[in-house]
Asks: 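Would you mind keeping the following structure in view while I ask a few things?
Throughout, numbering of the chain's residues begins at 1 and tracks the sequence.
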Amino acid sequence: MQISRRNLLRASAAGAVAFIATRSGALASEGKNDQLTIGVGIDFPKTMDAARTSGILQSGLGETLLRYDADMQVVPWLAKSYEQINATTWRVKLRENAVFWDGTPVTPRDIENSFRRIWEAVPGHKLLLSDKTVFEAEDDKTLVLKLVESQSDLPHMLASQEFKIHKAAGNRESIMTGPYKPETFVADERLVMVANPLHWGGKPAFSRIELRPIVDANARLLGLQSAELDVVNGMPPEMLGTLSGNLVGASKPSTRIHYLVVNQRNPIFGDKAVRKATSMAIDRQHLLDVALAGQGEALKGMFPSTIGVEVVEGFGTDKKEAARILDEAGWKVGPDGVRAKNGVPLAFTIFSYASRAEMTPISVAVSIQLNALGYKTTVQEVRDIREPMKGQWDVCIISTNAMGAGPQRTFLNSLVKGAPEGFGGYENQELDSTVRALRGETDPAKAAGLFRRAQEIVLNDVANIYLLTPSQTVMWSKQKVSEVVVHPASSYFIRPDLILSAD
């Protein structure tokens with residue numbers, strides 16, 4: 001059964017964050033004033049504790065040692081340079097004028113303390129970089145990292161959004177280094193930031209930025225149309241067609257992936273045949289068309305084409321083969337049209353969440369496709385997708401940045417043993433050893449072979465069901481902003497490295 005985009009998309013479809021940058025290639029004010037109000041759909045910080053919350057980089061508050069440029073190459077950020085000395089030793093030179101908001105210089109000791117606070121707060125991040133790493137200061141601005149074992153992907157780890165450089169400020173707050181610092185923060189309501197005059201890149205031209213979390217995309221659009229908001233992100237691409245006059249927008253393919261995580265601890269999805277058939281029953285191109293207005297990419301494997309790596313293709317869509325697999329595995333269609341095995345119906349709930357506008361439309365489209373094959377599925381939208389995972393659940397749709405710390409992050413974050421987002425309980429010893437070998441391999445050809453093998457293992461096991469890569473869509477009023485250039489990575493929104501311009 002097919003469903004039209006008109007019927008499926010009542011409120012909104014899709015979108016993600018985009019970069020706000022500078023006149024040299026991004027965002028600039030037309031001189032009306034030097035203050036902005038921005039409506040965000042997601043990535044609003046939950047706290048001001050850099051060790052425990054996301055949304056810090058996106059908001060222009062924090063920085064990592066390295067970052068990704070527009071071509072998704074790792075480049076210096078808070079660090080001035082970095083080099084590999086030998087297989088397990090790296091040298092990082094900090095910017096001479098890098099200081100915290102309170103004016104104290106950023107030192108090698110501060111870098112070590114940042115990492116150790118993050119490891120303590122989220123032990124799973126030790127998979128990205130071992131907490132046994134030795135930090136040594138050659139001088140006040142030079143740090144030497146001595147690793148436990150060879151780790152060729154270290155630059156990606158230092159660019160990871162998890163490892164924000166900060167100092168503890170008490171009451172689970174942090175002092176950071178970004179071009180903006182908080183003036184007022186009310187969780188789930190607003191964040192008012194003022195320019196940091198001490199930033200190493202110079203004082204930002206916009207003196208004040210207010211971020212407002214607004215879950216509903218229609219509400220964000222109305223805020224833009226009424227001039228309550230100057231910029232909105234996470235917008236459905238189809239809304240671009242509603243803009244006129246001074247309201248404009250831009251969209252670009254992202255490095256983010258949307259996928260279904262299935263609870264393999266439960267009998268239904270503990271059956272690999274069900275996982276494989278479910279993946280093959282889903283027409284991803286149709287999902288893209290109805291839920292994302294065709295903007296983005298229907299995934300053929302684990303990764304989008306935007307991250308510049310060889311992508312191993314999965315099983316593809318084959319509804320007849322999916323039905324055959326289910327029949328052979330004993331999941332037979334009953335008189336009520338629902339498949340069952342040993343009295344257990346092939347019935348489950350797909351949990352979705354509203355803060356990414358496209359997630360529920362995608363989930364509804366998936367549910368319709370599966371039900372046509374004899375499944376009995378429903379969709380339930382929740383505010384926080386992690387809440388249902390605390391109890392009994394079967395399927396959740398989630399999203400992650402495939403390049404948050406290099407392509408290896410997808411394995412480290414959700415697939416290897418002990419992964420912080422290994423929600424479905426998947427484990428495979430061969431995958432663990434392959435990823436371990438990949439991280440230490442310095443020969444490009446051998447590393448490429450290991451990367452292929454890691455993908456093959458995950459896809460063959462149907463560890464998760466990978467669906468789509470969305471576009472990143474941002475809209476703005478030209479009365480305040482002349483141009484926004486969208487960056488492929490979603491880890492940054494207000495770009496600290498490219499200073500906002502108000503002239």
Side-chain angles (χ1 to χ4, degrees), residues 49-54 56-57 62-68 74-95 98 100 105-168 174 176-177 403-422 432-442 447 450 491:
D49 184 351
R52 300 174 184 272
T53 190
S54 62
I56 294 295
L57 296 190
E63 297 170 313
T64 50
L65 289 171
L66 309 178
R67 67 169 179 86
Y68 292 99
V74 176
V75 296
W77 196 3
L78 195 59
K80 180 174 64 175
S81 65
Y82 66 98
E83 62 177 330
Q84 185 171 11
I85 299 172
N86 56 47
T88 58
T89 309
W90 295 70
R91 178 182 289 112
V92 177
K93 288 187 175 293
L94 303 174
R95 295 184 183 275
F100 290 100
V106 178
T107 68
R109 175 58 64 86
D110 294 316
I111 305 302
E112 178 177 6
N113 290 342
S114 296
F115 278 71
R116 299 212 178 280
R117 284 194 74 240
I118 291 163
W119 287 323
E120 181 181 359
V122 187
H125 293 336
K126 297 174 186 178
L127 290 172
L128 300 178
L129 180 66
S130 171
D131 63 336
K132 306 300 183 187
T133 299
V134 175
F135 295 74
E136 293 182 354
E138 282 191 349
D139 56 46
D140 289 345
K141 289 295 181 180
T142 306
L143 170 68
V144 173
L145 296 172
K146 295 186 175 180
L147 311 182
V148 175
E149 57 187 357
S150 176
Q151 189 171 331
S152 60
D153 64 356
L154 180 69
H156 289 287
M157 300 305 111
L158 299 185
S160 169
Q161 64 179 335
E162 280 78 17
F163 293 125
K164 302 168 284 286
I165 306 307
H166 65 283
K167 297 194 301 183
S174 301
M176 290 174 271
T177 63
M403 280 290 286
Q408 294 94 324
R409 180 183 185 272
T410 299
F411 300 107
L412 297 169
N413 205 47
S414 61
L415 294 164
V416 301
K417 186 175 182 179
E421 294 185 4
D432 293 349
S433 62
T434 301
V435 172
R436 225 173 8 251
L438 170 62
R439 301 191 73 193
E441 184 55 65
T442 57
L450 290 167
S491 297

Asks: Among residues at least two apart in sequence or on other chains, which ones pass side chain to side chain contact (heavy atoms under 4.5 Å, CB included) with Ala137?
Replies: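 In terms of side chain to side chain contact (heavy atoms under 4.5 Å, CB included), with neighbours along the sequence ignored, Ala137 is linked to Pro108.
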
Asks: Not counting sequence neighbours, which residues clear side chain to side chain contact (heavy atoms under 4.5 Å, CB included) with Val122? List them please.
Replies: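 Applying side chain to side chain contact (heavy atoms under 4.5 Å, CB included) to Val122 gives His125.
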
Asks: Go through the structure and list residues passing side chain to side chain donor-acceptor pair (under 3.5 Å) with Lys146, not counting sequence neighbours.
Replies: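 So Lys146 forms a side chain to side chain donor-acceptor pair (under 3.5 Å) with Glu136.
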
Asks: Checking the side chain of Arg439 only, and the main-chain atoms of Leu128 only, is there a donor and an acceptor separated by less than 3.5 Å?
Replies: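 Looks like yes, one N/O pair under 3.5 Å.
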
Asks: Partners of Arg116 by salt bridge (Lys or Arg N to Asp or Glu O under 4.0 Å), sequence neighbours excluded?
Replies: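 Partners of Arg116 by the salt bridge (Lys or Arg N to Asp or Glu O under 4.0 Å) criterion, ordered by chain and then number, come out as Glu112.
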
Asks: Could you tell me which residues satisfy side chain to side chain contact (heavy atoms under 4.5 Å, CB included) with Thr434, sequence neighbours excluded, listed by chain and number?
Replies: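 Once residues adjacent in sequence are excluded, the partners of Thr434 under the side chain to side chain contact (heavy atoms under 4.5 Å, CB included) criterion are Glu430, Leu450, Arg453, Ala454, Ile457.
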
Asks: Any chance you could measure Leu78, atom CG, to Arg67, atom CZ, to the nearest 0.5 Å?
Replies: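 It is 12.0 Å, given to the nearest 0.5 Å.
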
Asks: Is there a side-chain hydrogen bond (donor to acceptor under 3.5 Å, both in side chains) between Lys164 and Thr64 once you walk through the steps?
Replies: CA-CA 5 Å; Lys164 302 168 284 286; Thr64 50; over 6 Å; no

Asks: Ignoring hydrogens, what is the shortest heavy-atom contact between Trp90 and Gln151? Give both atom names and the distance.
Replies: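 Scanning both residues completely, I find the closest heavy atoms to be CZ2-O, 3.9 Å.
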
Asks: How long is the straight-line distance from NZ of Lys126 back to CZ of Phe115, given to the nearest 0.5 Å?
Replies: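 It comes to 14.5 Å.
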
Asks: For Arg117, give me all partners under side chain to side chain contact (heavy atoms under 4.5 Å, CB included), at least two apart in sequence or on another chain.
Replies: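 Arg117 satisfies side chain to side chain contact (heavy atoms under 4.5 Å, CB included) with Asp49, Ala51, His166, Ala168, Ser174 once adjacent residues are dropped.
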
Asks: Take Leu129 and Leu154, measure what side-chain contact (heavy atoms from CB on, under 4.5 Å) needs, and give me the verdict at the end.
Replies: CA-CA 8 Å; Leu129 180 66; Leu154 180 69; 3.7 Å; yes

Asks: To the nearest 0.5 angstrom, please state how far the CZ atom of Phe135 sits from the CG atom of Leu143.
Replies: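 The distance works out to 6.5 Å.
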
Asks: State, with a plain yes or no, whether a side-chain heavy atom of Val92 is found less than 4.5 Å away from one of Ile111.
Replies: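 In short, these two side chains do not touch, never coming nearer than 4.5 Å.
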
Asks: Has Ser152 got a side-chain atom pairing as donor or acceptor with Glu441's backbone, closer than 3.5 angstrom?
Replies: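 Yes; at least one donor-acceptor contact below 3.5 Å.
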
Asks: Please identify each residue that fulfils salt bridge (Lys or Arg N to Asp or Glu O under 4.0 Å) with Arg95, with sequence neighbours left out.
Replies: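 Arg95 satisfies salt bridge (Lys or Arg N to Asp or Glu O under 4.0 Å) with no residue once adjacent residues are dropped.
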
Asks: OG1 of Thr177 to CH2 of Trp77: how many Å apart, nearest 0.5 Å?
Replies: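 Reported to 0.5 Å precision, the distance equals 8.0 Å.
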
Asks: Between Ser150 (side chain) and Gly440 (backbone), is there a donor-acceptor pair under 3.5 Å?
Replies: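 Such a contact is found between Ser150 side chain and Gly440 backbone.
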
Asks: What is the distance from atom CH2 of Trp119 to atom CZ of Phe163, rounded to the nearest 0.5 Å?
Replies: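 The CH2 atom of Trp119 sits 6.5 Å away from the CZ atom of Phe163.
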
Asks: Donor-acceptor check, side chain of Thr133 to backbone of Ser130, threshold 3.5 angstrom: yes or no?
Replies: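 The answer is yes, because a donor-acceptor pair under 3.5 Å joins these two groups.
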
Asks: What residues form a side chain to side chain donor-acceptor pair (under 3.5 Å) with Asp110, not counting sequence neighbours?
Replies: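 Expected list: Thr107.
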
Asks: Measuring only between side-chain heavy atoms, which start at C-beta, is Ile165 closer than 4.5 Å to Met176?
Replies: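 No, side chains not in contact.
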
Asks: Can you name the residues that form a side chain to side chain donor-acceptor pair (under 3.5 Å) with Glu138, not counting sequence neighbours?
Replies: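 Testing Glu138 for side chain to side chain donor-acceptor pair (under 3.5 Å), a comparison that skips the adjacent residues, returns Arg91.
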
Asks: Can you sort out the partners of Asp140 under salt bridge (Lys or Arg N to Asp or Glu O under 4.0 Å), two or more places apart, ordered by chain and number?
Replies: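 Salt bridge (Lys or Arg N to Asp or Glu O under 4.0 Å) list for Asp140, sorted by chain: empty.
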
Asks: In chain order, what residues pass the salt bridge (Lys or Arg N to Asp or Glu O under 4.0 Å) check against Lys141, with sequence neighbours excluded?
Replies: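 For Lys141, no residue satisfies salt bridge (Lys or Arg N to Asp or Glu O under 4.0 Å) once neighbours in sequence are set aside.
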
Asks: Dump the intermediate steps for side-chain contact (heavy atoms from CB on, under 4.5 Å) on Val435 and Leu415, then the final yes or no.
Replies: CA-CA 10 Å; Val435 172; Leu415 294 164; over 6 Å; no

Asks: For Thr89, which residues count as a side chain to side chain donor-acceptor pair (under 3.5 Å) partner, sequence neighbours excluded?
Replies: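 Partners of Thr89 by the side chain to side chain donor-acceptor pair (under 3.5 Å) criterion, ordered by chain and then number, come out as Asn86.
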
Asks: Is a side-chain donor or acceptor of Asp432 paired with a backbone partner of Val416 at a separation under 3.5 angstrom?
Replies: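 A pair under 3.5 Å: no.
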
Asks: Run the salt bridge (charged side-chain N to carboxylate O under 4.0 Å, His left out) check on Arg409 and Glu162 step by step: do they pass?
Replies: CA-CA 11 Å; Arg409 180 183 185 272; Glu162 280 78 17; 2.6 Å; yes

Asks: Decide yes or no on side-chain contact (heavy atoms from CB on, under 4.5 Å) for Val75 and Tyr68, but give the supporting numbers first.
Replies: CA-CA 6 Å; Val75 296; Tyr68 292 99; over 6 Å; no

Asks: Roughly how far, to the nearest 0.5 Å, is CG of Leu127 from CG of Asn413?
Replies: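 Answer rounded to 0.5 Å: 8.5 Å.
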
Asks: Looking at Asp153, Val74, Leu145, which hits side-chain contact (heavy atoms from CB on, under 4.5 Å) with Leu158?
Replies: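 Filter result, single survivor: Leu145.
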
